[in-house]
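Worksheet: one structure, shown below.
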There are 2 protein chains.
Amino acid sequence: MDLRHLRYFIAVAEEENIGRAAARLHISQPPLTRQIQQLEEELGVRLFTRTPRGMELTQAGELFLEEARNIRSVVEQATERTQRAGQGKLGRLDIAIFGSGILGIIPRLLLAFRNAYPEVKTVLHTMTKAEQIEALRQRRITLGFNRMLAPLPDLATELVATEQLLLAVNESHPLAREESVSFPMLAEHPMVLFPTGARPNFIDKVMRLCEEAGFVPQVSQEVGDAVTGVALVAGGFGICLVPESVTALTLPGVVFRPLHDTPPNCRIDLSCLYRTDDQSPILSEFLETVRAFRGPHVAGHSSGIRTETAWDAGI
Amino acid sequence: MDLRHLRYFIAVAEEENIGRAAARLHISQPPLTRQIQQLEEELGVRLFTRTPRGMELTQAGELFLEEARNIRSVVEQATERTQRAGQGKLGRLDIAIFGSGILGIIPRLLLAFRNAYPEVKTVLHTMTKAEQIEALRQRRITLGFNRMLAPLPDLATELVATEQLLLAVNESHPLAREESVSFPMLAEHPMVLFPTGARPNFIDKVMRLCEEAGFVPQVSQEVGDAVTGVALVAGGFGICLVPESVTALTLPGVVFRPLHDTPPNCRIDLSCLYRTDDQSPILSEFLETVRAFRGPHVAGHSSGIRTETAWDAGI
DNA sequence: AACCTCCATACCTTCAAGGTATTGTGTTGG
DNA sequence: CCAACACAATACCTTGAAGGTATGGAGGTT
């Protein structure tokens, strides 16, 4: 049995006349007669009683008509859903974020994507950079957000945004009295650094900037993520350089101060990471959303900065 | 798209290898490759990613696999249900019964049929003989139960059973003192007759039997059905001849007495009536059940009596 | 009786599914 | 590093079934 048989059967059942049904199907009458006979033979069931006025459904035929219409609609829905899946409009996207990634840009980006593609279920996983790379290679996730991603042969990156660095200080700290601070002013002040773990990371960036400013920072503590770093600042452990998105987090006693006289590379990137061999249309659509989102939000700061450039600036 | 495409797709998706899938489908590899390409092209969706180790489903392909399996099972169920419908094992049977038909044999017959064909929904309609004939011609019912059915060109009958006649009398009536009664004893006693309506009917039978016994009955009242007749006997309106199945109905003050020295035609038939042109397998199965049921239950009384004979004996 | 309207049958044509042989492309093993 | 292997893709041929035209045959109507 074929879907063609069902289409023909439905037409004959509705027209109650083979000739008219054949016209509707744009075929001639004899083949249609044969297809119906064939269908009846294959099922072993008389679907029509032939009357002088045409074809009349038997009770079994009535039942089969309902079933045939049902099959038709199930097939239609299946193809439609599959096509939407093929266009990246339906499905599932597993995304990894890092610890403080829930602050700032990422949630707004995810919201924009979910509004544009409501039928794509996004699943968030919190992972470190190394875990993200591992998970991408094992295909447990499709995309990861992170900073300072080194180029890898099997993984590609797409810049999402670049952010300013800000100084987080305790309100009782001498530097809190400044409107804004410059790099050399940071020398001699104990500094909280993050994250621990795989290099290169934000620590290297800070170390290099300090070095360029002519000093080596005093490390008071190394911690896992920016949120913990700011919490230590609140506790008086020292000062801490953070990306601007961390200001979304307000802790009592902590104030943020901009940096002045900073070199052009004194910005930190936020990128997403994915398999170069991933052809998933959902990923493509997500990356399109990222590009569209990056335009209005980082224009003037980093528009035109390519993945490679972001990396070069990163270390 | 064809059901063949779905079958092939499922095989390839399950084997993750066109060659093995082709072997499983008993075709060679190249046609299968082409069918899959064709399916992808028609849907406009890549369903597989070709790897050196075989075929791997894309996300859209995973979705389509679920859909394809679903379609397959829907089609299987549709054919199976249609086949059962074609064998008369699934569907609906509209049956008409007459007023007192709910007494006696019919409910037992219907129960037997429902046990044998649990998926056939039987719908009962109470109709007079004339209404049954009309409803059969309009196809509103498939089968009617009645007594004393005259042969009609477009309708056929099947004898279900023959029943004895019994005398229903009030317990205070003189005839109630007899163990059994003979026809001549009925003369002079006012008699309740039924049913009113289309002839020939039970009245004609009773009138003829009285005539053969040499008297014309005194009619005290004509009523619509046996139940009303017996109710009038309870009320003292007179005596009433009824088929034996009416004894299922016990009314206070009414007793039933057998008739003795009765002629062989002093039995009343119960038959079912259906269209001669009705090919419905459900009807055939029902008639088979009737025949099987008639055997053990009326053996010795009327086995071997054909439809025509029943009628001949009826009037 | 002639005609009309159906469906069914006979016979031909064509197109696509299936087969065989082969190529191309990655991966693996010596 | 080359040869062998495994896989899908392509080229080309064969065949079977779907579709077309012409016609038959049955039941009903004027």
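Please read all numbers here as calculations on a predicted model, not as lab measurements. Just so it is clear: chains get the letters A, B, ... in the order the sequence lines come, proteins before strands, and each one is counted from 1.
- Here side chain to side chain donor-acceptor pair (under 3.5 Å) pairs that include residues 47-62 of chain B, with residues two or more places apart or in two chains, are B:Glu40-B:Arg50.
- Residues satisfying the ring-ring contact (aromatic ring centres under 6.0 Å, His included) test with A:Phe113, not counting sequence neighbours, are A:Tyr117, A:Phe286.
- Spacing between atom CZ of A:Arg34 and atom C1' of C:dC12 amounts to 11 Å, rounded to whole angstrom units.
- Side-chain atoms of A:Asp2 do not come within 3.5 Å of backbone N or O of A:Arg4 as any donor-acceptor pair.
- Per the geometry, CD1 belonging to B:Ile36 stands 18 Å off P belonging to C:dA16, to the nearest Å.
- A straight line from CD of B:Gln38 to P of C:dA16 spans 9 Å, rounded to a whole angstrom.
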May I have the list of side-chain donor-acceptor pairs in residues 66-78 of chain B shorter than 3.5 Å, sequence neighbours left out?
{"unit_1": "B:Glu67", "atom_1": "OE2", "unit_2": "A:Arg81", "atom_2": "NE", "d": "2.6"}
{"unit_1": "B:Arg69", "atom_1": "NH2", "unit_2": "B:Glu14", "atom_2": "OE2", "d": "2.9"}
{"unit_1": "B:Ser73", "atom_1": "OG", "unit_2": "B:Asn70", "atom_2": "O", "d": "3.2"}

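- Partners of A:Phe9 under the ring-ring contact (aromatic ring centres under 6.0 Å, His included) rule, at least two apart in sequence or in another chain, are A:Phe48, A:Phe64.
- The CD atom of A:Glu41 sits 13 Å away from the P atom of C:dA8 (whole-angstrom rounding).
- First and last contacting nucleotides of DNA chain D toward chain A (any atom under 4.0 angstrom from a heavy atom, 5' to 3' order): D:dA18 to D:dG28.
- B:Ser28 pairs by the side-chain contact (heavy atoms from CB on, under 4.5 Å) definition with B:Pro30, B:Pro31, not counting sequence neighbours.
- Within a heavy-atom distance below 4.0 Å of DNA chain C, the residues of residues 23-31 of chain B found are B:His26, B:Ile27, B:Ser28, B:Pro30, B:Pro31.
- Residues forming a side-chain contact (heavy atoms from CB on, under 4.5 Å) with B:Ala96 (at least two apart in sequence, or on another chain): B:Met127, B:Gln132, B:Ile141.
- Under 3.5 Å, the side chains of A:Thr289 and A:Glu285 contain no donor-acceptor pair of N or O atoms.
- Nucleotide C:dT9 holds its C1' atom 15 Å from the CG atom of A:Leu32, rounded to whole Å.
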Donor-acceptor pairs are to be reported for all side-chain atoms of residues 85-93 of chain B against protein atoms at under 3.5 Å, with residues two or more places apart or in another chain.
{"unit_1": "B:Gln87", "atom_1": "OE1", "unit_2": "B:Lys89", "atom_2": "NZ", "d": "3.1"}
{"unit_1": "B:Arg92", "atom_1": "NE", "unit_2": "B:Asp94", "atom_2": "OD2", "d": "2.8"}
{"unit_1": "B:Arg92", "atom_1": "NH2", "unit_2": "B:Asp94", "atom_2": "OD1", "d": "3.0"}

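- Here B:Phe48 lies out of heavy-atom contact (under 4.0 Å) with every strand.
- With sequence neighbours excluded, the residues that form a side-chain contact (heavy atoms from CB on, under 4.5 Å) with A:Glu288 are A:Arg291.
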Set out, line by line, the N/O atom pairs under 3.5 Å between protein and nucleotides 2-6 of chain C.
{"unit_1": "C:dC6", "atom_1": "O5'", "unit_2": "A:Asn17", "atom_2": "ND2", "d": "3.2"}

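- Applying the salt bridge (Lys or Arg N to Asp or Glu O under 4.0 Å) test to pairs two or more places apart or on separate chains, those with a residue in residues 128-147 of chain A are A:Arg137-A:Asp154, A:Arg139-A:Asp277, A:Arg147-A:Glu163.
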